[in-house]
Each structure stands twice: as C-alpha cells, then as structure tokens.
Amino acid sequence: MKAPRFEYVRPTRLEDAIGFLARHGGDAKAIAGGQSLVPMMAFRLAAPRLLVDIGRIPGLNGIAVDDDGIRLGALVRWRDIERSAELQRAHPLLVEAVRHVAHYQIRNRGTVGGSLAHADPAAEMPGIAVTCDAQIVVVGPRGRRIIAAAEFFAAALSTTLAADELIIEVQLPPWRDNRRWAFEEFARRRGDFALAGVALFYDGGADGTATNIHIGAIGVGDTPVRLTAAESAVEAKRITASIIRDAGAAAAASVKPADDIHAPGEYRRALLGVLTERALARAAGLALREDA
Amino acid sequence: MSGRATVQFTVNGKHYAADVEPRTTLVDCLRHDLKLTGTHVGCEHGVCGACTVILDGAAVRACLMFAVQAEGADIVTVEGLADGDRLSPLQASFRKHHALQCGFCTPGILTTAHTLLSEEPDADADRIREVLSGNICRCTGYVQIVEAVLDARAAYKQKWAAAL
Amino acid sequence: MTAVRNVYIGQEIERTEDFRFLTGRGTFVDDYEPTGLLHAAILRSSVAHGRIRKIDASAAIKMAGVHAVITAADIGEKIPTIPIRLAPIKGLERYLQPVIATEKVRYVGEPIAVVLAETRAIAEDATAEIELEIETLAPVPDWRVAETDSTLLVEQNGTNVATRYAVGSGDADAAFAIADYTRREFFHAHRHTAVPMETRGLVAEWDAANERLVVTGATKVTFFNRRALAAMMQMPESAIDFIEIDVGGGFGVRGEFYPEDFLIPFAARMTRRPVKWIEDRTEHLQAANHSREIDCELEIACRHDGTILALRGRIHGDMGAYTRTNSGVVPAKAAQFLHGPYRIPAVKFDVAAYMTSKTPIGTYRAPGRFEANFFRERLIDMAARDLNIDPVEFRRKNLIATNEMPYSIGKLVPYENESAYDSGDYHVALEKCLAAFGWQEKKNLQGRNIDGRYHGLAVTCFVESGGAGPRENVRMLLERDGRVTVAIGSSVLGQGLETVFAQIAADALELPFEAFRVLHGSTTLLDEGFGTYHSRAVVMGGSAILDGAKNLLSAIRAAASLQFNCRADEVSIDGGKAKGPDGRTLTFAALAAAAGPISANGTFANAQRTFSYGAHAAHVAVDARTGHVAVLDYVAVEDVGRAINPALVHGQTLGAVVQGLGGVFLDHLIYDANAQLLNASLADYLLPTATDFPHIRGVTLELHRSPSNPLGAKGAGEGGMVAVAATAANAVAAALSSFGVQPNDLPLSPPRIWQLLRDAASGRQRAP
C-alpha cells in the first residue's frame with residue numbers, strides 16, 4: 001500500500017506555493033498535515049504528480065481573537081485548538097467539536113485548512129464552518145477572495161476552491177456572552193467519522209427565548225448542512241420539551257442521507273433527529289425524556 | 001526536482017540523513033533506510049497506530065507522513081525510550097502488568113502513552129483510554145495496558161515535580 | 001527433593017519476551033532484510049467470479065526496477081493446490097485452491113500475478129500496468145444462491161454444495177414428537193475475521209548451490225506447511241527450512257498455508273534472489289481467511305419444567321470460494337458445539353457447506369464455538385422465557401453434573417471419534433460467574449429503562465475443546481554453561497509461550513527460570529512438530545517438556561555416572577546438581593563442561609481433547625433511540641485445569657472477550673450482492689479500540705485438571721471468546737424484552753438494533 005510516485009516541493013513563501021499549484025494545474029496538490037491526503041494516496045485514490053508542502057510557510061498557524069471574531073490560520077492544528085484557553089472562552093463550540101476529530105495522533109498533525117479543503121461531509125470542522133457562518137479566506141494567482149462556508153462545500157470531497165488556490169484562514173464570527181450551545185455526534189467508535197452530528201448555538205434572551213439559532217449537521221448528506229427547518233422550529237421561541245421534539249422532527253425530515261456500508265440512510269436520518277433533540281436539550285439545560 | 005530527495009533529521013538523539021523517494025513514508029524510512037525496525041506498520045492508512053513516533057514532542061502516525069516532511073525534525077521512536085538496557089518506568093510498568101502479548105502494537109502504544117504522560121501526568125483511566133483509542137491492540141483487550149499506564153504515572157509526576 | 005520443586009508453575013512470572021518487545025528489539029518478518037532482496041506485490045482479482053481472458057504483463061516487466069512477473073503460465077503444467085490440514089469432510093476436497101488463478105477467478109483478492117521488483121512501491125506500480133481481461137460471470141454471493149447451482153464456481157463438480165451430512169445421538173425426532181414445548185428459530189453469525197496486528201509476510205531465500213530454501217516468517221504449523229511446500233515444489237522436505245521469528249498475533253488466521261506460501265518461495269527459486277512479501281492491510285482483509293459465516297436453524301424440545309429433551313437443527317456454512325487448510329472445521333464445530341455443557345438426551349444436526357464467490361473461510365479463535373454458543377444460548381433464553389423459568393434456573397437444571405463425567409456427546413463430527421467431556425464442575429463455574437458478576441445485586445435492573453437506556457443482563461454457559469493431538473515434540477539440551485535450551489515444535493504467536501515453557505521446564509528440572517532459553521516453531525529445531533492451534537500449545541508442548549525433562553535427567557544421571565564411576569540409578573539429582581553415591585556432587589554446568597552438552601528428546605502423544613468450560617455474564621445498556629449498546633460489565637469465568645502463568649491466562653481471557661465483543665458489535669466483512677468486499681480497510685472494518693469495552697473482567701478457575709495430560713492443563717486461549725456473542729446478544733434481548741425484540745442476526749450494530757426496534761414498534765415481522 002505505497003503511494004504513487006510524485007515530486008515534492010516545500011516552498012516557504014505563499015506566492016511560491018501558489019505558483020507551483022498554478023503551474024501544475026490539477027496535477028499538484030497542497031499538503032500540510034496530510035492526515036486525509038496521505039491515506040488517499042496510500043490507497044492510490046489520489047495520485048498528485050506534485051506535492052506542495054505548505055507546512056513551513058510562516059504566518060499561517062495563528063489563532064487570533066478580537067471583536068471581529070476568531071481567525072484561525074490554515075495550518076492551525078487540532079491540538080492547538082484543543083489546548084487554547086483563549087478559544088475555550090472565545091468559541092467553546094469549536095473546541096468541543098474539535099475534540100471529536102479522529103484520534104490523538106491525528107489531532108497532533110491535522111490542520112484546519114486541510115480538513116476544510118478535504119471536505120469530508122462527516123468531518124467536524126466543515127460542520128462548524130457551515131453552522132457558524134464562517135468565512136474561508138483563500139489566495140490564488142488572481143489574488144485573495146473570501147468564500148462563505150455555505151458556498152464552499154460543493155459535494156463530498158469537493159469544494160469551490162480552485163486547483164491553484166490555497167486556504168489561508170478561516171474566520172468565525174464573534175461569540176456572544178449569553179450564547180448557549182451544544183455539539184453532539186454519534187460514531188461507531190470514538191474517533192470514527194460520525195454517522196451523524198449536530199452543532200448548534202443560540203442566544204438566550206432574558207425571557208428564555210432562543211434567538212439567532214444556528215443548527216448545522218454533518219454526516220447526513222454530501223456536504224455539511226444548515227438545518228433551516230429545525231432552526232425555524234426554535235427561533236424566537238422558549239425551548240421546551242415540545243419545541244425540542246419539533247426541532248428533532250424537522251431536522252430529520254429535512255435530510256435525505258444515502259445508504260452506505262455503515263448505516264442505511266433512514267437510520268442516519270432518525271439519528272439526526274435524536275441528536276438534534278439531545279443537543280438542543282443540552283444547550284437549554286433541559287433533561288430529555290427518552291423513550292424509544 | 002528529481003526522483004529522490006535527501007532528508008535529515010534526528011532520531012533518538014542521533015543525526016541521520018537518508019536518500020529517499022518523496023513517496024517514502026516516515027515509517028518506511030525509519031524502518032528500511034535507517035534500520036530502526038522497532039516502529040511497526042500495521043495498516044499504512046492511519047488507523048491502527050502501530051507506527052506512532054514522537055515528532056517534535058507530539059505523537060504522530062509515521063505512516064501518515066512522508067519522510068521528506070520530517071526534514072529537521074526531532075524524532076523519538078520506541079528504541080529511544082529505554083536508557084540503554086534499562087527499561088523506562090513506563091516500559092517496566094508494561095512488563096509488570098502484562099500489558100503486551102505479541103508486542104506488535106506495543107511500540108506505538110508506548111510512544112503514545114509516553115507523550116500523554118509527559119504532558120498530562122495526572123491523566124485518568126478515561127483520558128488514557130481516549131488517547132489510546134488511536135492505537136489498536138488485538139491481543140490484550142486494553143485492560144492491562146490501561147493499568148500499566150495508570151501505574152506509570154507516578155514516575156512522570158516525579159519528573160514534573162523535579163522540573164518545577 | 002528440595003524447595004525449588006514446583007516454584008514457577010502457577011506464578012505470575014514477568015515475561016522473558018517483553019524486554020525485546022518493549023525496547024523495539026523484536027524481530028518480526030518485515031524487520032528481516034537480507035541483501036539482494038526483491039519485493040513482491042500481488043495482482044489480485046477485483047472481480048468476484050469471472051473467466052480470465054487475457055493477462056499481458058509485457059508493459060509491467062519493462063518498467064524500471066521490475067525484475068519479473070509470475071503468472072500461472074510460469075508455474076508449470078500443473079498448478080499446485082493447497083492441501084487440507086484439518087477436518088477432511090468428504091466433498092470439500094473437490095474445491096481446493098490453486099496457488100494462483102488459472103482460467104477463472106472466484107473471489108475478490110484471488111492472486112493472479114506476482115510482480116517482483118526492487119522496491120515494494122515499484123512492484124505495486126507495476127501491478128497496475130498488467131493488462132488483464134476478465135469476463136465477468138454471475139457472482140455467488142451467499143449460500144442461498146449457491147444452493148440453487150444456477151452459477152457453478154467449479155463447473156466440473158456440477159454443484160456448489162460441497163458437502164451435506166447429518167450427525168446426532170439419541171432419537172431427536174421422537175423426543176420432539178412427545179415434547180411439551182418446542183421452539184424453532186433462525187440465527188445468523190456474520191462473516192468476520194481475526195485481523196492480527198501484524199499482517200502476513202514471508203521472506204524466501206534460495207540457495208542455488210545447495211538447492212535449499214529458507215522461508216522466514218513461518219508460524220503456527222510450520223512442519224505441516226513445509227511438507228506441503230516440499231510437495232508443491234517437488235523438493236525433499238529436508239531441503240527446506242521454515243524459520244519462525246517474532247509473530248504479531250495469529251488467532252487462527254495467520255500461519256495456515258496460503259497461496260503466497262507457495263508463490264514467494266517459488267519466486268525466490270525462479271529468480272535466485274531473496275524475495276520478501278509483506279501483505280498490506282487491504283490484501284489481508286481480502287486474502288487471509290475469513291471466518292464465522294454460519295446460518296443456523298435451531299429447534300429445542302423441553303418438558304414444561306425446563307428439562308431439555310432434544311436439540312435439532314441445520315447448519316449452513318458459507319465456505320467462500322475454496323476449501324483451504326481448515327476445510328470444514330467451522331461448520332463442523334458449529335454443529336458439534338451446539339450440544340454445549342448441557343445434558344441433552346438427543347441431538348440431530350444437518351450440516352451443509354456451500355461454495356460462494358467470496359474469500360475462503362478458515363478458523364478464527366473459537367471457530368464454530370462462538371457461533372454455536374450464540375445459537376444455542378439465544379434459544380435457551382427464549383425457551384426459558386416462554387416457559388416462565390428463570391434463565392439461570394433453566395441452566396442449572398440442565399447443566400451436566402460432575403458425577404456424570406466423562407460425559408459423552410457422541411460422534412457429532414464426521415472426521416472425529418466420539419467425544420466425551422473430560423472433567424469439570426459446570427455448576428460451580430456458573431455459580432462463580434454469578435457471584436463474581438454480582439447477579440443478585442444487579443438482577444433488579446433487568447429490562448429497566450433508566451434515563452432512556454434499557455438495561456439487560458445475561459449469563460450463559462459453555463464448554464470448549466482444546467489440546468488437539470496427535471503429538472508434540474521437544475529437544476532439551478544442557479549446555480556447557482549449565483543453561484538449558486528447550487527446542488519445541490509448538491509455535492509462538494505472541495502468547496508468551498517462551499515464558500510459560502520455561503516455567504514448566506524449570507520446575508521439571510528444578511533449575512532457576514533464568515537458566516532456560518526456549519526456541520520454537522522452526523523446522524530446523526526438530527524432526528517433527530505440530531504447532532499451535534486449538535489451544536494446544538501448553539497442553540501438548542508443555543506435556544512434551546515434562547517428558548523431555550524426565551529424559552534429560554536420565555541422560556544427566558547417565559553422564560554423571562561416568563564421572564562418578566557408579567551406576568546411573570545411583571546418581572541423585574538435587575537442585576541443579578548431580579550427586580554420586582559417595583557424596584561427590586557436580587553442578588549441571590560442571591557436568592556438561594566435563595561430559596559435553598547433554599541432550600534428550602521428549603514427546604507427548606494424546607488423542608484425547610481437553611474440555612475447558614465456564615460461564616460468561618454481561619450487563620448492557622441499550623440506547624433504544626440510537627441502537628447503541630454500552631457494555632457496562634462483562635465477566636468471563638473459565639476453568640483451565642491448571643494455569644501455568646495466571647497473569648498470561650488472564651490476559652488471554654480479557655483479550656478474547658474484547659475480540660468477541662468486537663465480533664458482536666463491530667467487526668463485519670461486508671459484501672454486496674455482487675460479492676464485492678466493501679470494507680477492506682481498517683477505517684471501515686471496525687476493530688474494538690480502548691474506548692469501546694472498558695469494563696471487562698476475567699476469572700480463571702483451576703477446579704478440575706484435565707485427566708488426559710500430565711500437567712492437568714486445559715486449553716485456555718479461546719474460553720474468553722466462545723460465549724461472548726451468546727452472552728452479549730442475550731443481554732441485549734433482555735434489555736429490550738419489553739419490545740419483544742430478538743437479536744438473532746449478528747452483528748448487533750446500532751442500525752440493526754434500531755431497525756429491530758422499529759420493526760417491533762410497527763408490528764412487522766422480519767422475514768426469516
């Protein structure tokens with residue numbers, strides 16, 4: 001199980017990296033942590049002729065928090081997020097989601113940019129990006145552009161990033177103080193890709209109503225998705241057991257996952273409903289009565 | 001650009017240079033170019049953890065890196081854990097608790113547990129299991145491994161105390 | 001005799017082998033790299049069933065670094081087939097596997113060509129350049145399709161049904177006719193396999209000058225495999241050495257004779273270069289033996305009071321595409337062990353084995369037993385519930401009593417004689433299990449819904465055979481330095497046998513444990529060896545050591561008598577010293593230094609099996625909304641007769657339980673309707689990890705030694721596995737009893753449990 005042959009370059013300037021990608025078109029591929037790309041190459045499912053190692057380009061591994069929100073450099077690793085006390089305050093949902101990414105050793109290498117570019121529909125970071133209205137900053141020969149997360153993921157393992165563009169940063173809007181949130185995913189084993197997962201947050205009003213509800217899901221389609229029907233069931237309402245049930249039902253009804261070897265689509269769909277309920281209950285601090 | 005590349009790094013305190021194809025994974029380079037065969041290959045696609053080595057202080061899967069990506073890195077493998085012929089406290093604890101059978105996954109489990117306890121000497125059983133969930137062992141059922149890691153914590157705590 | 005007598009057996013000695021494994025100094029096959037090595041990669045069929053129209057390797061062979069490409073055409077007129085080692089059931093011999101595909105391919109993963117190149121990567125590059133045309137034929141994805149014979153895997157046989165036979169004892173039909181109560185159910189044990197951490201591999205070296213072959217990386221049954229290879233390569237056995245080095249787990253799968261065990265030595269002879277082949281993980285999942293896939297229709301007949309009168313049923317074994325070395329062991333043992341540890345006056349089983357276009361079936365830890373116990377114990381829990389009898393009481397009522405030992409279950413296997421359970425107290429094992437588990441304390445949780453999780457408890461009983469004959473051999477050598485080398489025919493695949501054998505030998509020779517060096521497995525050590533399978537290494541190899549030690553002591557007495565000028569029977573042995581009638585003593589070292597190394601052979605032959613037994617208990621909590629099962633407690637109790645090193649036995653139990661739980665909830669080789677294997681990676685073939693089953697306990701009993709061997713040991717490697725599906729599935733059923741859910745199909749994945757609950761809720765009946 002050896003990777004096919006390729007050439008390897010390790011530019012230390014962003015423009016050089018882009019230059020390599022531009023010159024080699026689709027034959028080149030950027031690598032940073034490589035935790036998704038390398039196994040694909042081992043199975044010969046990916047066979048780039050040129051690997052452009054962007055891991056040593058300075059300035060891409062910063063974590064910045066200010067009033068405008070949170071900026072994560074493309075080379076920020078999962079372990080950096082997990083261990084960041086600042087992010088624990090500034091975006092606890094992100095930190096919680098990242099704790100579910102694969103395993104310890106993978107989290108020591110895998111990067112934010114790599115996960116977004118790989119675009120696995122069950123991956124946590126793309127799910128957080130979509131749920132939280134992230135902006136993805138990319139750079140290419142034609143300059144810099146910002147892609148809304150909602151526009152970024154095109155299909156399974158496919159994005160709107162051009163072959164000669166690189167993700168340099170992801171920006172998350174600022175986190176509010178009165179925010180309630182939860183992340184729930186269900187995987188066959190700890191660290192596996194989720195059969196379904198839900199990230200959500202809302203701002204709690206003094207009267208107990210939920211506003212600005214955001215609910216996103218992973219593992220239930222070609223891309224991470226926002227569950228707008230479930231959001232509508234919750235927005236501007238006080239969260240009660242019946243609202244929770246409604247939101248779960250709306251979530252399940254809004255997706256049509258395909259069957260695969262790990263689960264039939266019907267199961268993922270039902271699971272999404274359950275996870276939505278559980279996440280909402282947890283965010284609201286309510287105990288859920290769970291009979292089958 | 002050519003078909004081969006030279007990579008240099010430090011393994012267990014010793015400097016190495018190897019002439020490799022870029023497609024050579026770090027684990028294949030360690031095992032076959034440097035003849036450090038203590039690190040094992042169980043799946044070559046980043047699931048089993050047998051190939052775990054410590055790269056610049058962090059446990060990583062050496063099958064999920066090309067050797068060229070490790071240029072300049074400081075690497076520790078299972079061969080670097082003992083002090084000559086004296087087992088480290090972690091290794092001794094594994095022997096005491098019968099935390100290995102066939103020994104194939106053991107190098108990856110030791111390197112993983114060593115970085116965990118170096119950073120978190122108070123890790124509890126749940127945390128140890130969570131971290132070791134990236135290492136598959138087919139023989140032991142993990143029970144004795146977790147016992148061994150728990151029992152080794154004292155030595156790491158002492159090291160921390162001494163360093164403070 | 002003195003204080004050193006019997007000080008090591010029964011002690012939790014730290015393992016001799018651990019130092020090298022912990023420091024990275026072990027030598028596994030891929031660590032061995034002779035100079036001039038060529039690396040092999042194998043082109044395998046991606047088609048389940050097809051006719052090979054064309055193989056053109058001309059482009060591949062021209063690639064830089066490629067040395068040769070071997071296809072069937074290079075092997076010769078007659079392509080050798082892999083012989084049967086065990087379980088020769090009539091009919092299965094018609095489906096032996098050729099070592100390389102010739103006209104047809106019959107499973108995904110079947111070898112078609114071998115590429116030899118300077119590196120493995122280049123060899124893999126070249127396999128992609130071999131031009132291959134395969135005309136696709138209709139697949140035979142399961143036994144039901146196989147049975148129709150609409151597509152024949154081997155045309156000249158005229159059928160895909162390899163064998164059908166009936167076994168039994170007593171008059172089961174008569175018992176059913178008069179029984180108060182009967183129930184019949186269908187069960188399915190799914191296809192999964194062992195997946196040792198080290199994949200298979202070997203290095204073959206051809207010595208052209210002497211026409212000798214050395215195969216490194218052999219294990220399990222090296223002497224049998226050498227015999228097989230010698231016949232295939234038309235060489236004398238003595239011209240081939242099989243060398244066993246460190247092995248990263250076997251669990252039944254590793255070390256059987258596979259196509260590669262011919263192809264790689266053949267390649268070495270053909271190229272006159274050392275050739276290495278290390279199986280990658282995808283190859284492993286496609287090409288190493290699969291196991292377990294059995295369907296069972298089982299029927300029980302009881303009195304109202306729960307007394308079992310009879311058991312009858314049908315076993316349908318999916319054998320995959322070819323009969324391999326283990327032949328029909330899996331379905332045959334699945335039938336035999338349906339009887340279990342119970343007093344059952346009449347049994348009748350029909351067994352059928354079918355060829356399908358999938359990877360061939362072989363043995364995986366507790367072959368047939370894992371399945372049989374699942375089938376029977378599930379049915380017993382259903383019967384107990386129907387009859388309103390506590391399932392524990394039901395078992396107590398029917399367990400064989402100590403005073404009934406040895407207990408014959410009759411001849412339930414066509415290739416074996418009548419079997420009799422050798423010894424044991426099945427009731428005590430059950431009670432010990434209940435006590436260790438805390439059954440009384442937990443009992444009130446049965447079936448309860450606590451915060452949305454349904455709790456279930458189960459206890460099951462098992463009996464399991466080990467210690468297969470016919471023989472094992474050992475050679476013991478007192479070296480000049482007073483140390484003793486023990487060379488044994490048993491193989492070591494990671495169990496710690498170097499330690500265990502040294503413990504046995506140390507006690508027998510009254511020498512310190514440190515004085516022993518254990519060599520194992522390699523054909524260079526002995527004229528004949530039988531290897532390690534069927535939990536036989538300690539029973540057979542350990543007993544051979546006792547014989548070898550006795551003979552070595554005789555040889556030492558004889559050598560000492562020459563030094564002392566006395567008769568051998570006047571020499572006494574005491575704590576590593578020989579003592580003459582005149583009071584003179586010589587240490588063994590001094591004696592060997594004076595007389596030269598002293599050696600003796602030992603052997604132990606036995607046709608009787610040992611029967612370990614015990615009980616397992618489980619407490620699970622089922623999340624009925626996701627179908628997830630949490631195993632909150634699991635206790636496995638087994639009487640192994642005698643535990644040479646209790647810590648190692650304990651490790652065997654714990655490891656086996658977790659493997660077993662993987663087999664219930666996770667491991668699954670998934671095929672589609674075209675007989676394509678869909679999950680040939682460890683990302684998709686799910687093995688248990690450290691977070692899956694944290695609450696495992698094992699209790700080793702030494703209640704009843706086996707009467708059939710001088711150690712009194714019984715097989716100890718599989719008892720942790722045999723009853724896991726039975727126990728876990730019964731606990732899930734108990735948890736979900738309020739829904740009337742019967743988990744009779746493995747694996748119990750979350751989607752399957754969810755589906756069962758959904759079907760139960762909608763009142764739909766699942767089609768059989």
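Chain B forms more heavy-atom pairs under 4.5 Å with one residue of A/L37, A/I106, A/L51 than with any other, namely A/I106. Among A/R189, A/R79, A/M40, the residue making the largest number of heavy-atom pairs under 4.5 Å with chain B is A/R79. When A/G34, A/P4, A/A42 are compared by the number of non-hydrogen pairs under 4.5 Å with chain B, A/P4 comes out ahead.
The shortest heavy-atom contact between A/Y8 and B/P22 is CB-CB, 3.7 Å. The two residues B/V60 and A/Q105 come nearest to each other via the heavy atoms CA-CB, 4.1 Å.
A donor-acceptor pair under 3.5 Å is absent between the side-chain atoms of A/N108 and the main chain of B/A58, judged by distance alone. At distances below 3.5 Å, not a single donor-acceptor pair connects side-chain atoms of B/R61 with backbone N or O atoms of A/Q35. Under the 3.5 Å distance criterion, the side-chain polar atoms of B/Q69 are left unmatched by any main-chain donor or acceptor of A/I31.
Both the backbone and the side chain of B/T115 come within contact range of chain A, each with at least one heavy atom under 4.5 Å from a heavy atom of that chain. Contact of B/T112 with chain A is made through backbone and side chain together, with heavy-atom distances under 4.5 Å. For chain A, no part of B/L132 is nearby; none of its heavy atoms comes within less than 4.5 Å. In this structure, the portions of B/E44 lying under 4.5 Å from any heavy atom of chain A include both its backbone and its side chain.
Remark: B/H45 pairs with A/F43 by the ring pair (Phe, Tyr, Trp, His ring centres under 6.0 Å) rule, at least two apart or across chains.
The local environment of NZ in B/K157 is crowded, with over 12 non-hydrogen atoms from other residues, nucleotides or ligands closer than 6.0 Å. Applying the 6.0 Å contact sphere to CZ of A/R44 captures more than 12 heavy atoms from other residues, nucleotides or ligands.
Atom CD of A/E7 and atom CZ of B/R23 lie 11.5 Å apart (nearest 0.5 Å). Rounding to the nearest 0.5 Å places CE of A/M1 at 9.5 Å from SG of B/C63. A/R10 CZ to B/E71 CD: the interatomic distance, rounded to the nearest 0.5 Å, is 5.0 Å.
Side-chain contact between A/M41 and B/F66 is present, with heavy atoms from C-beta onward closer than 4.5 Å. Looking at B/E119 and A/R83, their side chains come closer than 4.5 Å, going by heavy atoms from C-beta outward.
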Check the pair A/R109 / B/L64 against side chain to side chain contact (heavy atoms under 4.5 Å, CB included), numbers first and verdict last.
CA-CA 9 Å; A/R109 285 289 294 169; B/L64 289 192; over 6 Å; no
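A/Y104 and B/S133 form no side-chain donor-acceptor contact under 3.5 Å, judged by distance and modelled atom types alone.
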